Amino acid sequence: MADTTSAPTTSPLDVNRFTAADAAGLPDDVRHLVARRDAVLGDRTPLLYRRPIHPVSAKGLWLTDADGTRFLDMYNNVASVGHCHPAVVEAVATQAATLNTHTRYLHEGAIDYGQRLLRTMPGFGQISFTCTGSEANDLAVRLARHATGSRGVIVTRGAYHGGTAVSASCSPSVDPDVPDWVRVVDAPDPYRTGDSTAAGFTAAVSEAAADLQRTGTGVAALLLDTVFSSDGVQPDPVGVLTEAVAAVRAAGGLFIADEVQPGFGRMGHGMWGYEHHGVTPDIVTMGKPMAAGLPVAATVLATDLSETLTNAVPYFNTFGGNPVSMAAAAAVLDVIEREGLIDAAATRGEQLRGLVREIQQDSRIIGDVRGRGLFVGIEIVTDRGTKVPDRTRAVELVDGLRERGVLISTAGHHGNVLKVRPPLPITSDEIEFFATRFADTLGGA
């Protein structure tokens with residue numbers, strides 16, 4: 001069994017989760033709705049916040065609940081171009097009124113969108129459309145195994161790559177008891193280790209690869225989210241992946257870049273997170289932001305792999321790439337290009353981190369502020385001098401912001417990093433609104 005020491009103390013499915021103990025303080029109508037939900041869905045499907053929100057409409061970065069209360073969404077990368085963007089709504093409505101069927105018929109939508117997406121990814125040749133990022137990662141591992149003839153996968157300790165059998169096995173943040181074909185390494189963490197180079201991470205990946213080879217499992221892939229979001233948002237140092245990827249390739253493995261969270265311009269540096277690191281993956285997966293809430297995801301192969309695996313690994317997905325989802329995905333690309341959202345992510349991200357760092361100067365519990373573009377991690381500690389992670393305070397801040405009309409969540413090995421990831425069209429005024437509410441919630445701490 002793979003090393004599971006220092007297992008994560010939290011899971012992305014459990015962080016800031018509503019529990020039965022929170023029900024007593026809820027209004028009758030909300031408590032009744034929660035009870036109905038639990039009866040039908042069970043508690044495997046988590047609810048965020050101790051006081052769950054019940055949104056009934058949304059526009060831009062704002063959700064409105066059943067009581068008319070508005071919330072600034074600083075967390076949602078699903079609605080990547082904002083909630084209910086008119087261009088996406090129109091594209092979906094038009095296509096839904098025309099045709100929507102499975103993918104075994106010819107349809108220009110998937111072909112046109114695929115060609116357009118590949119133009120943002122020099123060196124890549126073919127796309128397989130799925131419905132979810134979990135499916136995309138599952139397929140990516142399957143493809144890597146076929147290409148290499150090996151089974152082993154290396155992931156980070158806080159990783160979350162999905163909920164299918166294979167992708168969940170590659171997600172030690174959900175279940176640290178990983179199977180024997182998975183090896184777990186610590187993500188880069190310059191704040192805690194003081195290592196601003198790639199040396200430590202490369203050494204850990206190299207050892208994991210060597211161990212997989214020693215056991216006869218072999219190395220199929222290094223599977224990484226390129227902003228290490230579930231590991232607490234770790235975008236630095238730039239270039240940290242170059243040597244680690246080289247080590248995996250030297251061991252016969254491939255590099256799979258999970259772009260579900262950093263992709264589609266969020267990093268403010270090109271379309272993809274791997275561009276930020278200056279490395280080209282062998283396989284790229286993507287999902288949530290693609291179609292602003294409609295189910296579509298993809299697995300993309302480098303050109304040389306496309307030629308090798310064209311007919312070697314059959315794959316079919318009934319709804320992956322369906323006409324309505326493709327119309328929504330194309331509209332999302334239109335909006336990103338027309339509204340200049342990648343450049344905006346860089347500019348607004350600098351403003352956001354700058355304001356939080358101003359607040360940090362007067363706070364004893366904000367240990368670190370890091371990020372790229374509109375992806376920000378705020379590390380909450382008991383005291384800046386000791387760097388002891390404080391999950392309890394982090395969750396209190398998340399709930400406190402919810403009470404002040406702002407939605408975020410947490411991430412990281414200890415569940416103590418505030419994860420701020422707003423839709424891309426955020427305005428300067430909305431960033432100011434967040435900063436003001438964040439300072440109020442800290443209350444001088």
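Fair warning: this is a prediction, and the values are worked out from it, not measured in the lab. The figures here come from the full heavy-atom set of this structure, side chains too, leaving out hydrogens, waters and symmetry mates.
The aromatic rings of Tyr113 and Phe129 are tilted relative to each other, their planes meeting at an angle between 30° and 60°. Using cut-offs of 30° and 60° for the angle between ring planes, the Phe264 and Trp272 rings count as perpendicular.
Residues Phe228 and Phe201 place their aromatic rings such that the two centres sit under 6.0 Å apart.
At a cut-off of 3.5 Å, with distance as the only test, a side-chain donor of Thr226 or Glu259 sits close to an acceptor on the other residue. There is a side-chain donor-acceptor pair under 3.5 Å between Ser325 and Asn322.
Two residues are said to be in side-chain contact when any heavy atoms from C-beta on lie closer than 4.5 Å; Asn137 and Val166 fail this criterion. For the pair Val300 and Met286, the minimum side-chain heavy-atom distance is below 4.5 Å. Residues Pro289 and Arg266 fail the side-chain proximity criterion, which asks for heavy atoms closer than 4.5 Å.
Once rounded to the nearest 0.5 Å, the distance linking CG of Leu224 with CD1 of Ile256 reads 9.5 Å.
Between the side chain of Ser306 and the main chain of Gln126, a donor-acceptor pair closer than 3.5 Å is present. Side chain of Asp282 to main chain of Phe255: a donor-acceptor pair is present (N/O by atom type, distance under 3.5 Å, no hydrogens or angles). Judged purely by atom type and a 3.5 angstrom limit, Thr130 uses its side chain to pair as donor or acceptor with the backbone of Thr132.
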Subject >> Pair Asp399-Arg402, salt bridge (Lys or Arg N to Asp or Glu O under 4.0 Å): steps then yes or no >> reply: CA-CA 5 Å; Asp399 279 314; Arg402 178 251 181 266; 5.8 Å; no

Subject >> CA sep, side-chain torsions, deciding dist, call: Arg437, Glu403, salt bridge (Lys or Arg N to Asp or Glu O under 4.0 Å) >> reply: CA-CA 10 Å; Arg437 297 304 187 276; Glu403 296 306 310; over 6 Å; no

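Ionic pairing of Glu379 and Lys387 is not present here: no N-O contact between side-chain nitrogen and carboxylate oxygen is shorter than 4.0 angstrom.
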